[in-house]
Amino acid sequence: MSEAPKRERALGCCYYPEHWPQSRWARDAKRMVEVGLRWVRIGEFAWSRLEPHPDRFDWDWLDNAIETLSAAGLRIVLGTPTATPPRRLIERYPDMLAVDRRGDERKFGSRRHYCFSHLGYRKECARIVTALAKRYGRHAAVQAWQTDNEYGCHDTTLSYSDAARDAFRRWLRDRYGDIDRLNRAWGNVFWSMEYQDFEQIDPPNLTVTEANPAHRLAFARFSSDQVIRFNRLQVDIIRAHSDAPIAHNYMGRITAFDHFAVGEDLDIAAWDSYPLGFLAERAGADAETRRRFARQGEPDFQAFHHDLYRAVGKGRLWIMEQQPGPVNWAPYNPAPLPGMVRLWTLEAFAHGAETVCYFRWRQAPFAQEQMHAGLQYPDGSDAQVMAEIESVAADIAAAPDIDHSGAPVALLFDYDADHAWDIQPHKAGCSYFDLIFGFYRALRRLGLSIDILPPTTEDFSDWSLVIAPGLIHIPPALKKALGNTARHLLLGPRSAARDGDMTIPTPLPPDFPGLDLRIVGAESLGPQMDIELPEGGKFHHYREFAECPAVGRTTIFERSADGQPALVGNERCRYLTGWPDETAALRILQRAANAASIATCELPLGLRRRDTGKEVFWINYNDHEVEAQGLRIPPISVLRRPRDAASNDIGMCSNEKPEAWKEGSDDR
Ligand code: GAL
């Protein structure tokens with residue numbers, strides 16, 4: 001039986017033995033260990049070499065690779081190769097290819113070309129995973145598993161294939177039972193969209209104009225469930241043969257499936273951190289941030305995902321792939337400043353990561369990723385970054401103990417809300433992710449450490465302040481849990497705006513315990529239409545119209561310049577009626593934190609702090625020194641201080657004393 005891995009902090013790398021002659025494996029392994037790496041992930045794309053002919057496995061090379069790497073002292077993460085079905089499988093099952101929303105097949109020739117719903121492909125996956133798990137499940141060196149690779153990456157969660165269509169119909173039948181029930185729930189009387197049978201329902205693509213949002217949301221949920229099932233199939237097989245923990249490596253800002261639900265079946269949430277690619281491509285950063293941090297990354301984007309995936313992993317977080325130099329896939333791909341790879345690594349540890357693996361050990365001289373840096377150059381010599389890796393290894397060896405606990409603020413993240421916003425943004429390009437990330441950024445700017453929580457949370461008593469904007473649908477259990485909590489709560493905009501089938505509920509939203517408040521309408525805002533908030537900042541993108549019933553006990557704490565309620569509620573629970581810009585978010589969140597007796601400060605641009613149980617980590621993304629709390633924090637660095645020194649005194653900035661929520665006019 002394999003020994004349970006220790007939860008110490010460690011480094012590792014991603015390695016492709018099948019890309020290199022066997023004669024160099026031992027040298028590579030020796031060098032990995034010399035520079036301080038402890039883990040090596042292998043195998044996740046190797047199907048064509050594991051099974052070169054149908055049902056004829058070639059284990060020799062993998063046996064040798066595992067022996068060689070483990071003999072050098074490395075522990076192995078073994079990946080299942082299901083993200084890259086080989087060519088002959090497509091010949092056997094031509095309809096296993098995913099189909100995009102335009103109806104085009106996603107062809108063989110790269111990766112992730114399969115449809116999650118194809119039953120033949122699922123059988124093939126079960127076969128290869130069973131073979132791998134039987135052979136290596138009890139191997140002492142295989143101390144962790146990875147299922148597939150980056151579910152959903154390259155826009156692959158949704159597939160509009162025939163297999164998906166058939167599975168969607170089954171899913172709808174299970175969920176609604178009766179076609180009239182579905183018609184009523186979706187409002188299909190509108191535009192004569194009523195069905196007589198589940199077999200008439202297609203995926204919601206290629207419609208003339210927009211499809212029914214209820215139909216789209218159902219398809220998004222179905223597609224998410226297909227990922228969960230696909231992953232569970234592999235997990236069940238691996239568990240039958242191995243006691244080693246199982247991870248999946250999620251990607252940054254992929255929200256098309258419910259990661260919390262996938263994470264329920266796994267032991268570890270790993271994610272793949274490419275800060276410079278993300279800044280250029282998906283962090284939603286403004287032009288100034290993209291310029292200033294082009295070689296460092298968006299200062300909150302990594303931390304956000306560490307906090308999110310720590311929750312997805314129920315406390316167990318890994319970075320399975322960490323960018324070590326320029327990548328190849330973003331619109332432009334700069335090199336990180338010297339020191340950044342070390343900074344990203346230490347920041348991940350400060351947010352609770354157990355292991356950080358670099359992608360990849362050596363730059364590939366062939367195929368798609370030739371322009372992607374590794375820890376070694378293609379000729380096998382060390383890249384410049386190797387010195388940084390050695391220095392992080394030394395840092396971690398010297399002080400491996402990091403206790404991540406005790407964040408005072410909770411931020412809810414709900415993948416289902418992300419789907420709903422995506423389907424009905426009201427303003428082109430507005431996304432739930434951006435709304436949440438804006439709040440996260442502002443909280444961090446205030447020096448706060450944050451736990452991200454799933455919408456299934458039942459007890460909020462560990463946090464002093466709970467922030468839950470944009471939850472379009474709040475299921476009854478969550479409403480009850482949030483309603484019951486004695487903690488300070490910030491809701492809105494768009495809280496509980498739709499029922500579970502994307503219908504405007506009656507009573508009108510948010511219909512939230514203790515809030516005498518009706519949202520009677522909403523508008524989205526075009527360019528130069530921002531709405532001033534006299535106390536500071538603006539609403540942009542989106543705002544709602546709120547009414548507080550005459551006999552209610554709701555206070556209007558703030559009105560926008562045009563007289564509409566902007567922040568309403570009671571002592572414990574506030575509702576924000578619009579999408580705040582940065583200034584407004586900072587101001588409103590600072591008051592919320594102070595009212596919950598959490599001290600705040602305002603950190604200089606590019607400086608972040610992360611408080612763990614015993615320490616404070618100061619993380620400086622700037623290429624210049626910054627001063628904070630009497631400390632001088634060098635450029636591109638992480639400063640680690642015992643928490644006592646900083647204790648509850650958060651700031652070098654003018655701390656607002658804890659105060660009650662600022663009172664406004666009472667609307668009684
Ligand atoms: C990841 C992927 C890796 C590699 C890497 C390049 O998304 O998991 O296999 O392609 O990107 O940055």
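Whatever order the structure lists ligands and atoms in, that order sets their numbers, starting from 1. Quick caveat: nothing in here was measured; it's all calculated off a predicted structure.
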Is any side-chain heavy atom of Val312 closer than 4.5 Å to one of Tyr250?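 Yes, close enough: below the 4.5 Å cut-off.
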Can you find a heavy atom in the side chain of Val77 that is under 4.5 Å from one in the side chain of Trp318?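 They are in contact (side-chain heavy atoms under 4.5 Å apart), so the answer is yes.
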### Task
Identify the residue among Trp271, Tyr358, Tyr274 that makes a side chain to side chain donor-acceptor pair (under 3.5 Å) with Glu321.
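In the set Trp271, Tyr358, Tyr274, the residue that makes a side chain to side chain donor-acceptor pair (under 3.5 Å) with Glu321 is Tyr274.
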Which of the numbered atoms in ligand 1 are below 4.0 angstrom from a heavy atom of [X]?
X	answer
Phe45	9 (O)
Asp272	8 (O)
Glu150	1 (C), 2 (C), 7 (O), 8 (O)

- Item | Aromatic ring proximity, centroids under 6.0 angstrom, Phe433 and Phe304 |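 Here the rings of Phe433 and Phe304 have centres that are less than 6.0 Å from each other.
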Are Phe257 and Tyr415 near enough that their ring centres are under 6.0 Å apart?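 Centroid separation for Phe257 and Tyr415: 6.0 Å or greater.
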Protein heavy-atom partner closest to atom 3 (C) of ligand 1 - residue, atom, separation in Å:
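Ranking protein heavy atoms by distance from atom 3 (C) of ligand 1, first comes Glu321 OE1, 3.3 Å.
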Practice task
Look at atom 10 (O) of ligand 1 and say which protein heavy atom is nearest, naming residue and atom and giving the distance to 0.1 Å.
Solution key: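 Answer, as residue, atom name and distance: Glu369 OE2, 2.3 Å.
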Taking N or O atoms only and a 3.5 Å limit, does Asn149 qualify as a polar contact for ligand 1?
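Checking ligand 1 against Asn149, an N or O pair does fall under 3.5 Å apart.
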For ligand 1, which part of [X] has a heavy atom less than 4.0 Å away: the side chain, the backbone, both, or neither?
X	result
Met251	side chain
His372	side chain
Arg111	side chain

Check: Step by step, would you call Thr82 with Asp148 a side chain to side chain donor-acceptor pair (under 3.5 Å)?
Finding: CA-CA 5 Å; Thr82 52; Asp148 204 270; 2.6 Å; yes
